[in-house]
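The structure's right below; bear with me while I get my questions together.
Order of listing sets the numbers, starting from 1, for every ligand and every atom in it. Only heavy atoms go into these numbers, but all of them, side chains included; no hydrogens, no water, no symmetry mates.
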Amino acid sequence: METVVNDIRMYWREAGRGAPVVFIHGFPFHSGLWSDQLDRLPRRWRWIAPDLRGFGGTRAEAGEEGLSMEAHAEDLVDLLDALEIQRAVICGLSMGGYVAFALWRAHADRVRALVLCSTRAAADTDDARRARYGLAARIRREGAAAVAEVMLPTLLSEQTRRERPEVVQRVREMIEATPRATLVAALMAMAERPDSTPLLPTIDVPTLVLRGSEDAIIPAAEAERMAEEIPDARLRVIDGAGHVPNLEQPAEFDRELVLFLEAIEGE
Ligand code: MLT
């Protein structure tokens, strides 16, 4: 489906009816990241998975500043308005979590609850920033294949890479489908994103922090600290998954998500 939000046509997928849950994909993916969830999750919630500006079917002139976390958050608010949704559960994976923080910072009243999966509140360290600039330079020369080469070994757990070639292939296809300009602009935007750590104690909605036990990108201690600093947060660990638990261990991911949504239903 497509709707005009701000200056672009935003593409999104949806399934089910009921209380809305918005899935925000990570970098460098698109809404197809959530296709197992949209196919299999119970129909009593309304699952909405947009392609962020520049990704998947949502094409945009990806200027170096156009893909900030704040810009994505404003697009999502416009999408919620277009769908006449006042508040939704926001589930962000990795970069999607950074967008969820930007949404909380500017529009907390639109957030019913948060699911923060494989993500962190802190801004980039200097080393992480330098690595992003280096990767952006390689992408300009070599295209998306450079991202697949750098990221695939860290995105998925060793078990997934060994036993689930179809998942590796899906991830590679999503990476390679992302336009070069988007990849570069998104790396710049992530490098410049603000520190969201001061926001954590202000999050006064129920929150689920999810991490894969084998996540090579977000250390366990960082996820634990994030869950401790958010007043009403619970942390769940998905065994055998790396950075993308919803693809790597979808049954377990879905189970944790549904348990959380059921638990907050009466609150
Ligand atoms: C993601 O999965 O969205 C990225 O790993 C986020 C990042 O590079 O910080």
Please determine if Arg193 has a nitrogen or oxygen closer than 3.5 Å to a nitrogen or oxygen of ligand 1.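 No; the residue has no nitrogen or oxygen that sits under 3.5 Å from a nitrogen or oxygen of the ligand.
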
To check your reading of the model: name the closest protein heavy atom to atom 1 (C) of ligand 1, its residue, and the distance in Å. Ser94 OG, 2.7 Å

Report yes or no: does a heavy atom of Met151 sit under 4.0 Å from some atom of ligand 1?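 A heavy atom of Met151 does come that close to ligand 1.
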
Thr207 side chain to Val205 backbone, donor-acceptor under 3.5 Å: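 At least one qualifying donor-acceptor pair exists.
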
Per-atom contacts of ligand 1 with Gly26, taking only distances under 4.0 Å to non-hydrogen atoms: 3 (O)

Looking at Thr119 and Leu116, would you say the former's side chain and the latter's main chain have a donor-acceptor pair under 3.5 Å? no

Taking side chain as C-beta onward, heavy atoms only, is Phe23 less than 4.5 Å from Ile48?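 No, side chains not in contact.
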
Taking both backbone and side-chain atoms of Leu155, is any N or O found less than 3.5 Å from an N or O belonging to ligand 1? no

Taking the basic N atoms (NZ, or NE/NH1/NH2) and the acidic carboxylate oxygens, is any pair closer than 4.0 Å for Arg193 and Glu70? no

So does Glu166 pair up with Arg170, basic N to acidic O under 4.0 Å?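 Looking at Glu166 and Arg170, the cut-off is not met.
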
So CZ of Phe260 and CZ of Arg236: to nearest 0.5 Å the spacing works out to 10.0 Å

Report yes or no: does a heavy atom of Arg132 sit under 4.0 Å from some atom of ligand 1?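 True for this residue.
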
Closer than 3.5 angstrom, by distance alone: can the side chain of Glu248 be matched with the main-chain N or O of Val244 as a donor-acceptor pair? yes

Heavy atom of the protein closest to atom 3 (O) of ligand 1 (residue, atom name, distance):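 So the nearest neighbour among protein heavy atoms is Phe27 N, 2.7 Å.
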
Is there a nitrogen or oxygen of Leu93 sitting under 3.5 Å from a nitrogen or oxygen of ligand 1?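 The answer is no, given that Leu93 and ligand 1 share no N or O pair closer than 3.5 Å.
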
Measure the distance from atom 9 (O) of ligand 1 to every protein heavy atom, then report the residue, atom name and distance (to 0.1 Å) of the closest one. Tyr98 OH, 2.5 Å

